[in-house]
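What follows is a single structure, written as structure tokens, with notes after it.
Because the structure is predicted, anything quoted here is derived from the model rather than measured. Counting begins at 1 with the first residue of the sequence.
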Amino acid sequence: MSEATGKKAVLELDGKKIELPIYSGTLGPDVVDVKDVLASGHFTFDPGFMATASCESKITFIDGDKGILLHRGYPIDQLATQASYLETCYLLLNGELPTATQKADFEVKVSQHTMVHDQVSRFYNGFRRDAHPMAIMVGVVGALSAFYHNNLDIEDVNHREITAIRLVAKIPTLAAWSYKYTVGQPFVYPRNDLSYAENFLYMMFATPADRDYKVNPVLAKAMDRIFTLHADHEQNASTSTVRLAGSTGANPYACIAAGISALWGPAHGGANEAVLKMLDEIGSVENVAEFMEKVKRKEVKLMGFGHRVYKNFDPRAKVMKQTCDEVLAALGINDPQLQLAMELERIALSDPYFVERKLYPNVDFYSGIILKAIGIPTEMFTVIFALARTVGWISHWLEMHSGPYKIGRPRQLYTGETQRDIKR
Ligand code: CMC
């Protein structure tokens with residue numbers, strides 16, 4: 001539990017003073033407990049949750065002013081460069097990095113669940129071939145709810161644990177198949193001798209015709225790092241959606257499907273796809289100045305820029321840019337879109353419009369360029385984000401279900417019609 005500081009905020013309402021307790025966490029701002037405002041006949045009002053801590057959590061800490069992101073205390077740049085994605089998953093789920101034995105056990109556990117029930121593969125046929133893979137993901141992940149009745153008691157810690165493993169293990173299979181289906185290629189089944197990232201790339205790009213398909217280790221390493229950089233991000237829109245859905249007691253697969261839906265929007269995970277579309281539209285460096293004028297006239301947004309919490313820099317974007325340089329160099333790719341992106345960044349970091357609003361490149365700004373270099377089609381970018389974030393979502397769901405929680409039920413400032421009678 002959080003520490004009561006002994007400090008109190010005093011709110012005066014209708015001439016009456018209400019004392020509101022203040023709590024401290026281990027890092028970050030103290031919080032004012034506003035529950036007692038209700039007894040005075042008032043609600044608190046904070047559209048967009050700009051100043052609202054919706055829960056207590058021990059998983060991820062962000063200091064947006066300093067550009068700090070910690071998972072269970074470890075800085076994201078250290079995890080991205082010194083730990084694998086599966087080690088990061090273990091950390092998020094269990095609170096500590098695994099020992100060598102725990103790591104090996106976890107990898108075996110995950111690999112034992114990479115297959116999906118064969119019946120799940122039939123769901124794909126119900127979609128049009130030109131369906132967006134995110135639409136397919138919302139459907140098939142939600143559909144998993146129908147498959148694991150025997151392990152769906154959310155009060156049972158063992159059931160919760162197996163569900164988390166299943167989700168982390170199966171999501172790459174479902175994601176790769178959402179791509180295979182749209183290009184009309186046969187589904188490729190997982191291979192447990194491969195690492196997590198290798199297996200995903202294998203299921204994406206191998207075909208029965210190419211029996212000797214080998215995953216390029218440079219691409220597997222980059223993929224693993226991209227997964228790590230997206231693994232969790234505190235109480236963002238999709239994670240809050242998962243918690244809200246979970247607070248009703250809904251089954252976890254349905255909650256994750258809700259998270260995928262929330263992630264899809266261009267203001268959130270859909271931004272990585274939107275960045276590449278934007279770079280395509282701008283076309284070349286000569287058009288950048290004109291595009292930036294449009295942004296300043298608020299006709300369009302500079303996708304991959306800005307963040308609700310980061311007002312200095314996004315530490316994930318730093319590692320992402322470095323990874324982008326490494327991957328393009330290792331593959332010998334000279335992508336003109338990288339030049340374009342760097343020019344946009346250069347202007348944005350010096351132009352008062354962006355400086356005054358504290359708009360910096362976020363995680364999505366460079367990820368699309370790396371994903372493109374890996375050979376991932378643009379429509380799959382947000383699916384990759386969803387794949388990687390599944391562990392974050394389920395870690396928050398687990399945290400919520402391992403302690404007391406209440407159904408999430410916000411109130412409102414009603415501005416509609418007052419009561420009236422039907423007159424006929
Ligand atoms: N391009 C141009 N102007 C912007 C941008 C942008 N990308 N983002 C914010 N602004 C302006 C905005 O118009 C406003 O200006 P003014 O004060 O004159 O009205 C000011 O900056 C503050 O913006 P806001 O909309 O109040 O900020 P917010 O915290 O509500 O929104 C955001 C944060 C991420 C939704 C927004 O910055 C955005 O839409 N960015 C582009 C989409 C994007 O890259 N999203 C990925 C976020 S990181 C990964 C993830 O979370 O999934």
Side-chain angles (χ1 to χ4, degrees), residues 1-70 73 154-155 232-250 255 258-259 262 265 267-268 306-312 356-358 392-393 395-423:
M1 268 298 283
S2 51
E3 291 282 319
T5 57
K7 287 191 280 181
K8 291 195 187 312
V10 181
L11 182 67
E12 197 168 320
L13 279 171
D14 301 333
K16 279 198 196 132
K17 288 193 174 156
I18 309 171
E19 289 197 340
L20 304 171
I22 295 180
Y23 306 124
S24 277
T26 47
L27 289 170
D30 290 351
V31 299
V32 181
D33 180 343
V34 293
K35 274 196 298 297
D36 290 348
V37 172
L38 186 61
S40 74
H42 293 81
F43 295 144
T44 57
F45 185 57
D46 181 19
F49 308 123
M50 305 285 288
T52 295
S54 62
C55 63
E56 224 183 288
S57 181
K58 294 179 167 50
I59 302 174
T60 291
F61 172 75
I62 303 176
D63 184 326
D65 293 327
K66 297 195 183 124
I68 291 173
L69 167 61
L70 310 175
I154 60 172
E155 304 300 329
D232 189 43
H233 212 226
E234 203 226 55
Q235 311 306 326
N236 56 81
S238 55
T239 303
S240 297
T241 301
V242 171
R243 279 191 182 255
L244 195 57
S247 77
T248 69
C255 297
H268 194 3
H307 198 273
R308 168 61 61 82
V309 184
Y310 294 121
K311 301 298 175 195
N312 180 330
E356 279 160 19
R357 289 170 178 76
K358 300 187 176 178
W393 291 328
S395 301
H396 283 271
W397 179 87
L398 285 173
E399 181 174 69
M400 189 177 79
H401 282 286
S402 356
Y405 64 92
K406 289 180 93 63
I407 186 171
R409 176 53 169 98
R411 302 305 302 269
Q412 62 178 2
L413 173 63
Y414 177 70
T415 53
E417 295 289 347
T418 54
Q419 183 169 338
R420 52 184 167 163
D421 295 319
I422 297 175
K423 293 199 177 88

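- Between Phe61 atom CZ and Ile68 atom CD1 the span is 6.5 Å, to the nearest 0.5 Å.
- Using cut-offs of 30° and 60° for the angle between ring planes, the Tyr310 and His233 rings count as tilted.
- Applying the side chain to side chain donor-acceptor pair (under 3.5 Å) definition to pairs two or more places apart or across chains, those involving residues 6-16 are Lys7-Asp30.
- Checked against side-chain hydrogen bond (donor to acceptor under 3.5 Å, both in side chains), Ser40 has the following partners two or more places apart in sequence or in another chain: His42.
- Once rounded to the nearest 0.5 Å, the distance linking CG of Asp63 with CG of Leu27 reads 8.5 Å.
- Looking only at distances, a side-chain donor or acceptor of Asp46 sits under 3.5 Å from a matching main-chain atom of Ala51.
- The OG1 atom of Thr241 sits 11.0 Å away from atom CD of Gln235, with the distance rounded to the nearest 0.5 Å.
- Applying the side-chain hydrogen bond (donor to acceptor under 3.5 Å, both in side chains) test to Ser238 and every residue at least two apart in sequence or in another chain returns Asn236, His268, Trp393.
- Shortest non-hydrogen contact noted between Gly67 and Asn312 is N-CB, 4.3 Å.
- Of the inter-residue distances, the one linking Leu70 atom CG with Ile62 atom CD1 reads 9.5 Å to the nearest 0.5 angstrom.
- Under the ring pair (Phe, Tyr, Trp, His ring centres under 6.0 Å) criterion, His396 pairs with no residue, sequence neighbours left out.
- Counting heavy atoms from C-beta outward, Glu399 and Glu56 have side chains that stay 4.5 Å or more apart.
- When all heavy atoms are compared, the tightest approach of Ala237 to Ala262 is O-CB, 4.3 Å.
- One distance of note links CE of Met400 with SG of Cys255; it measures 7.0 Å at 0.5 Å rounding.
- Side-chain contact between Leu13 and Val37 is present, with heavy atoms from C-beta onward closer than 4.5 Å.
- Evaluation of the side-chain hydrogen bond (donor to acceptor under 3.5 Å, both in side chains) rule for Thr60 yields His71, Asp232 as partners, not counting sequence neighbours.
- Within the 3.5 Å criterion, the main-chain N or O of Ser54 finds no donor-acceptor partner in the side chain of Arg243.
- Applying the side chain to side chain contact (heavy atoms under 4.5 Å, CB included) test to Val31 and every residue at least two apart in sequence or in another chain returns Tyr23, Ala53.
- Applying the salt bridge (Lys or Arg N to Asp or Glu O under 4.0 Å) criterion to Lys35, with sequence neighbours excluded, gives Asp33.
- Listed by chain and residue number, nothing satisfies the salt bridge (Lys or Arg N to Asp or Glu O under 4.0 Å) test with Asp36 (two or more places apart in sequence, or in another chain).
- For the residue pair Lys311 and Arg308, the shortest heavy atom distance occurs at CE-O, 3.3 Å.
- Residue pairs meeting the side chain to side chain donor-acceptor pair (under 3.5 Å) criterion with at least one member in residues 407-423, sequence neighbours excluded, do not occur.
- For the salt bridge (Lys or Arg N to Asp or Glu O under 4.0 Å) test, no residue two or more places apart in sequence or in another chain qualifies with Glu234.
- The minimum heavy-atom distance between Gly408 and Ser247, with the atom names listed, is N-OG, 2.8 Å.
- Residues Thr248 and Ile407 meet the side-chain proximity criterion, which asks for heavy atoms closer than 4.5 Å.
- Annotation: side-chain hydrogen bond (donor to acceptor under 3.5 Å, both in side chains) contacts of Thr44 (sequence neighbours excluded): none.
- For Tyr405, the ring pair (Phe, Tyr, Trp, His ring centres under 6.0 Å) partners two or more places apart in sequence, or in a different chain, are His401.
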